[in-house]
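Written out below as structure tokens is the structure these notes cover.
Scope of the values below: all heavy atoms of this structure, side chains included, with no hydrogens, waters or symmetry mates.
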2 protein chains.
Amino acid sequence: MSGFSPATVSRALRGLPGVSASTRLAVEEAAQQLGYFPSPSAAALTTGRTNAIGLIAPWVSRWFFSAVIEGVQEVLTEQGYDLLLYPVGLTGDRRARGLDTRSLAKRVDGLLALNVPLADPSVISLHELRVPVVTIGTAVQGMSGVLVDNVEVGRQATQHLLDLGHRRIAFLGDDLDEFNAFEVAGDRHRGYDLALRSAGVEPDPTLSHRTGFSIDGGEAAFHRLLSQLGDGWEMPTAIFAVCDEVAMGIMYAIREHDLRVPTDLSVVGVDGHDFAYLFDLTTVSQPVRDQGRIAARLLLEQINTRPPRPPSVVSVGSNLIRRASSGPVPRRLTTGASDAIGPSNRRGPATDGPVSPAGARREKPADSTTTPVPRVAASSGHPEQQ
Amino acid sequence: MSGFSPATVSRALRGLPGVSASTRLAVEEAAQQLGYFPSPSAAALTTGRTNAIGLIAPWVSRWFFSAVIEGVQEVLTEQGYDLLLYPVGLTGDRRARGLDTRSLAKRVDGLLALNVPLADPSVISLHELRVPVVTIGTAVQGMSGVLVDNVEVGRQATQHLLDLGHRRIAFLGDDLDEFNAFEVAGDRHRGYDLALRSAGVEPDPTLSHRTGFSIDGGEAAFHRLLSQLGDGWEMPTAIFAVCDEVAMGIMYAIREHDLRVPTDLSVVGVDGHDFAYLFDLTTVSQPVRDQGRIAARLLLEQINTRPPRPPSVVSVGSNLIRRASSGPVPRRLTTGASDAIGPSNRRGPATDGPVSPAGARREKPADSTTTPVPRVAASSGHPEQQ
DNA sequence: CTGTTAGCGCTTTCAC
DNA sequence: GTGAAAGCGCTAACAG
């Protein structure tokens, strides 16, 4: 017992003004000794603030998501906020599609929505929420968000392949049927179209296939792509994959067809996955943990600023990491490559040439380093960086 | 307004007995219409239960961890519990090492400790906690837990290599200096020693190196391993990696040395990582999501049972998935393989032989399927399965 | 079956 | 600079 009134203890422990130094010290000591810790529930009840923020995401075990979460967690921990994780139904798995927004509002002071298809109201109606929301990976009208410019990402990847001389470039990455609401794939596809057209190439619809964002999706799409062989259909010489996981699936499938990268086909992915260098995968990397950090800061700022600022959207940069999975156009185009080609045909390692190309041979981007200055796309200026 | 007293509303909404059907209906309807939702904080204040559980883990972006979290989340969501995520300092990253246990106790009804080195009191002293704890991945005296038998895992992996005829087998996977408290690596190493000895092979200390659990660690350890070349030191013909990520790093390093898998070296990992098949990696898989599910159920049961049951430890099974990264002992042992070998030496794809071996060519274990019946190692019988 | 009464542990006026 | 009192929104115990 410090011998002080609850009011004084409360003030002292929270560092509020109006407490003498000696009192504060005594209180802190007593608290320490008694192992006293204020009840968050009781505090929340009076103040209306829970000191927790929620994060809703369709997955947690995909690299992109868990990496973002780490970034978020870093900032929240540092600021004394707790992190609540909410799953939200997306794919095949039957999760609680409904996620009660009213319950959310009372549990957290703010919400981070990570690649959630907010346009689809069946999933969640965040607008009804009474707490600030910051989206990550997608942008929603009237809400703050942090994301990469996916059209630009698509353009960069495709342009890289064009620069290498490729003209027949496939895009494997369209969304699976259900989620047109989720615009990432659509934007990257658009960037692909743009780059092609401004190079004078008309996109060939037979070169685009659905994948979702999984390894399996990439692998299956590649098989579907090749199933078009014959009938005068011409093989692409390069493939742009909507994300690194899909690219990995594609590379696996390529090996299954006894083709080689980049000798027969070049492959480019997106994300800057931690594992990408293991595959010598060329990728358009985006700062992943940083997006988590930035979003968390944006949200806390929005929570703690009176009056609330208008929503702002932070766009982070992306940049190409060149590795050995992309190379020049093969000489012998469309050698009728098919399942028929026997193993005797193989002469080199799966990835041709030196294990890695000069220079960028093994770029493992330190997350924050690769981020060009995030530029604020909307009104209020947030120098949100590190 | 339903026109009923708060008490009745409370009872009705929580489905307690002693409320007429008509009243319940009226209340529910009114609540629905008003968008009313009971405040968790207020409820927590009176009942002392928060309806949330906390999960502490050193990382979230490593596959094993995020996969476990998904399993946990599945069960919690289904049971109406919230999930709080707490980082706990482990590696280089400077996280809050201290993680205040008293604050935790008031925020959650129970705690899941995922591969947390509880033996090291500097990290966290869970015993002081006033809430039930279930550990995952490690066992602690007097606490419930779910884990794989890591000695057995080490034995299985090593035995597989012995069966293939290998006698000179390296173990890359010892813990980095700081965390001897974290027994996973130690146990797997012990299993390795056991298997070797019962095959009449005395473990060679020059074949064991520290890696931690990262790709980088694996890569670096392999380089260190090979740096022992000369001086009559004999190359191993196979490597047992403490986890799949380490194995991937090793395979990358092997490629850097212009050696081939499994022609020059066999590699076996542990975990059954989602990506393992992409590398044709032989691995001792463990049910990961299942461990999360089981732990969550165990915890909820512990929370909701009066009087509390004695702690129980669930041991889940592991099983070998054979792929192309492990093969018979190479004929030409120790061809003085070193960095000096030029690229001209390469004749085949990184992974020799058919892309995948017969049969198990591409086993992607459905998590729950690979789990042999979890057997309860301790007292109380928990049929915790699916 | 339903309503009334306390009180959970804090924070916040408002006095002193 | 400190304390007293009221109340946040619920639930539990007891009446009726």
Inter-residue atom distance A/L55.CG - A/L84.CG, 0.5 Å rounding
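Rounded to the nearest 0.5 Å, the CG-CG separation comes to 10.0 Å.
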Send over the distance from [X] [atom1] to [N] [atom2], rounded to a whole Å.
X	N	atom1	atom2	value
B/Y36	D/dG9	OH	P	10 Å
B/L34	D/dG9	CG	C1'	15 Å
A/L45	C/dC10	CG	P	12 Å
A/K106	D/dC8	NZ	C1'	11 Å
B/R49	D/dC10	CZ	C1'	15 Å
A/F37	C/dC8	CZ	C1'	18 Å
A/R107	D/dG9	CZ	P	17 Å

B/L85 backbone acceptor or donor facing A/Q73 side chain under 3.5 Å:
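Side chain of A/Q73 to backbone of B/L85, a donor-acceptor pair under 3.5 Å: yes, one is there.
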Return a table of donor-acceptor pairs under 3.5 angstrom between the side chains of residues 24-44 of chain A and protein atoms on other chains or two or more places apart.
unit_1	atom_1	unit_2	atom_2	d
A/R24	NH2	A/L16	O	2.4
A/S39	OG	A/S41	N	3.3
A/S39	OG	A/A42	N	3.1

Below 4.0 angstrom, which residues in residues 9-27 of chain A have at least one non-hydrogen atom near DNA chain D?
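By residue number: A/R11, A/G18, A/V19, A/S20, A/T23.
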Side chains of A/S20 and A/T23, donor plus acceptor under 3.5 Å
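Note: A/S20 and A/T23 side chains meet the donor-acceptor criterion.
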Would you tell me whether B/Q302 and B/S144 have side-chain atoms, one donor and one acceptor, within less than 3.5 Å of each other?
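Indeed, the side chains of B/Q302 and B/S144 share at least one donor-acceptor pair under 3.5 Å.
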Looking only at the side chain of A/T8 (C-beta and beyond, no hydrogens), which of the listed nucleotides D/dG3, D/dT11, C/dG3 gets closest?
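My answer, after comparing the listed nucleotides, is D/dG3.
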Taking the minimum atom-to-atom distance to the side chain of A/T47, which one of C/dG7, C/dG9, C/dT11 wins?
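For A/T47, the side-chain atoms sit closest to C/dT11.
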Quick check on DNA chain C: between A/S39 and B/T46, whose nearest nucleotide comes earlier from the 5' end?
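It is B/T46 whose nearest nucleotide is closer to the 5' end.
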Please test B/N304 against B/R49 for side chain to side chain donor-acceptor pair (under 3.5 Å), starting from the C-alpha separation and ending with a verdict.
CA-CA 11 Å; B/N304 297 315; B/R49 312 176 94 268; 2.7 Å; yes
